[in-house]
**Q** 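One structure, as structure tokens, below. Some questions next.
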Number of protein chains: 2
Amino acid sequence: MTTDQDCPGLLPEPTVAELRLEAVLHALADPTRLRIVADLAAVGGDELNCLAFELPVTKSTLTHHFRVLREAGLIRQHRRGTSKMNTLRAADLSARFPGLLDAVLVAAGPCFTTPKPAAR
Amino acid sequence: MTTDQDCPGLLPEPTVAELRLEAVLHALADPTRLRIVADLAAVGGDELNCLAFELPVTKSTLTHHFRVLREAGLIRQHRRGTSKMNTLRAADLSARFPGLLDAVLVAAGPCFTTPKPAAR
DNA sequence: CTCGTAGTTTGACAGATGTCGTAGTACGGC
DNA sequence: GCCGTACTACGACATCTGTCAAACTACGAG
């Protein structure tokens, strides 16, 4: 019961059907996580490793936040070498909660008014 | 400058400019509060007293949740007699975070797909 | 004035949450 | 094989959160 492919290194995540609104909202309600999501949206679908974010927290805390985001279904993570790449599950979220992510991103950062033009 | 009018019995609430995204998301992330918001949206702008909601919590807890919602700017409360009337600040929210409330309501209740047509 | 209804306040409490530091694991480069 | 980088796991901790019960206030009806 996960979108889990055989794709090696992909970490477990909820399927589109498993996405829970409360979990998504809760994940987005934290400033650090909201910032991560906004940053991911800003790069328009590209991958970012966990340390690519300049956040005022330690690595442990970052790991924690990334897990919350992944378990809520907001991001996808898979290992690549020693790094872990993160992507926003924009399409999955739109499929399950139409308009929600867009509205949050617009509200979060007036700069990212054009979050996901056409994949990368 | 809160939206506070001289309207007697109106409880303090944030102005549109004071609405904080995190606070709104946090307020919506709780099932009880989400339910309250969805119920308010369902009646299309009418007022509901606090006990009009059939929720599995005590009055104290309800008071707590209503305060969180009001302080986050999601609802407006004003006293009327011994009751306290609650209304959703749909217009204010749309002004500050366009599409957000709508997206959440659609995501929350498939039943309320037409949340605020034009009052009921 | 007395009573009942509606809601508030306070205190308590268990559980979740965000944070850190330290130690540990996994992988690539040498 | 050894080391450094990137991330994880674990434990600790303070704070926050949702919940309740009991006592209190506010208002209207009678």
Side-chain angles (χ1 to χ4, degrees), chain A residues 7-13 20-40 46-87, chain B residues 7-13 20-40 46-87:
Chain A
C7 178
L10 184 83
L11 278 70
E13 63 183 23
R20 294 185 317 120
L21 177 59
E22 295 164 22
V24 170
L25 292 175
H26 175 245
L28 290 171
D30 180 273
T32 303
R33 291 191 292 257
L34 183 55
R35 167 85 183 275
I36 291 173
V37 168
D39 283 0
L40 280 172
D46 267 350
E47 305 179 324
L48 288 180
N49 81 64
C50 292
L51 298 186
F53 303 83
E54 295 181 359
L55 297 165
V57 292
T58 63
K59 286 190 299 177
S60 329
T61 306
L62 223 40
T63 297
H64 162 68
H65 285 312
F66 275 106
R67 178 164 35 183
V68 172
L69 286 171
R70 175 170 49 82
E71 292 181 348
L74 280 159
I75 65 171
R76 172 164 297 143
Q77 296 185 294
H78 68 89
R79 324 184 81 104
R80 184 157 65 186
T82 71
S83 296
K84 181 179 290 182
M85 293 301 157
N86 302 282
T87 51
Chain B
C7 177
L10 184 84
L11 279 71
E13 63 184 23
R20 293 186 315 121
L21 178 59
E22 295 165 23
V24 170
L25 291 175
H26 176 246
L28 290 171
D30 180 272
T32 302
R33 291 192 291 258
L34 183 56
R35 167 85 183 276
I36 291 173
V37 169
D39 283 1
L40 280 172
D46 267 350
E47 304 179 324
L48 288 180
N49 81 65
C50 291
L51 298 187
F53 303 83
E54 295 182 359
L55 296 164
V57 291
T58 63
K59 287 190 299 176
S60 329
T61 305
L62 223 40
T63 297
H64 162 69
H65 285 313
F66 276 108
R67 177 164 36 184
V68 171
L69 286 171
R70 175 170 49 81
E71 293 182 346
L74 281 158
I75 65 172
R76 172 165 297 143
Q77 295 186 292
H78 69 90
R79 324 184 81 102
R80 184 157 64 186
T82 71
S83 295
K84 181 178 292 183
M85 293 300 159
N86 303 281
T87 51

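Worth knowing before you read on, the calculation uses all heavy atoms, side chains too, and leaves out hydrogens, waters and symmetry mates.
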**Q** How long is the line joining CG of A/L11 and C1' of C/dA26, in whole Å?
**A** 13 Å

**Q** Side chains of residues 29-36 of chain B: which donor-acceptor pairs under 3.5 Å do they make with residues two or more places apart or in other chains?
**A**
from  : atom 1 : to    : atom 2 : distance (Å)
B/D30 : OD1    : B/T32 : N      : 2.8
B/D30 : OD1    : B/R33 : N      : 3.2
B/R33 : NE     : B/A27 : O      : 2.8
B/R33 : NH1    : B/H65 : ND1    : 3.2
B/R33 : NH2    : B/H26 : O      : 3.4
B/R35 : NH2    : B/E54 : O      : 3.4

**Q** Check the distance between D/dG18's P and B/L55's CG and give it to me in whole angstrom.
**A** 14 Å

**Q** Please tell me if A/H26 has a side-chain N or O lying less than 4.0 Å from either OP1 or OP2 of C/dA16.
**A** no

**Q** Rounded to the nearest angstrom, tell me the gap between atom CG in B/D30 and atom P in C/dA16.
**A** 14 Å

**Q** Kindly give the heavy-atom pair with the smallest separation between B/L25 and A/L25, and that separation in Å.
**A** CD2-CD2, 3.8 Å

**Q** With nearest nucleotide decided by heavy atoms, which residue, A/T58 or A/T82, maps closer to the 5′ end of DNA chain C?
**A** A/T58

**Q** Sequence neighbours left out, what passes salt bridge (Lys or Arg N to Asp or Glu O under 4.0 Å) with A/E22? Give chain and number order.
**A** A/R20

**Q** Send over the distance from A/R79 CZ to C/dA26 P, rounded to a whole Å.
**A** 8 Å

**Q** OP1 or OP2 of C/dA6 versus the side-chain N and O atoms of B/S83: is any pair under 4.0 Å?
**A** no

**Q** Counting only non-hydrogen atoms, which of residues 60-71 of chain A are less than 4.0 Å from DNA chain D?
**A** A/S60, A/T63, A/R67

**Q** Under 4.0 Å, heavy atoms only, any strand: does B/R80 hit a base, just the sugar-phosphate, or nothing?
**A** nothing

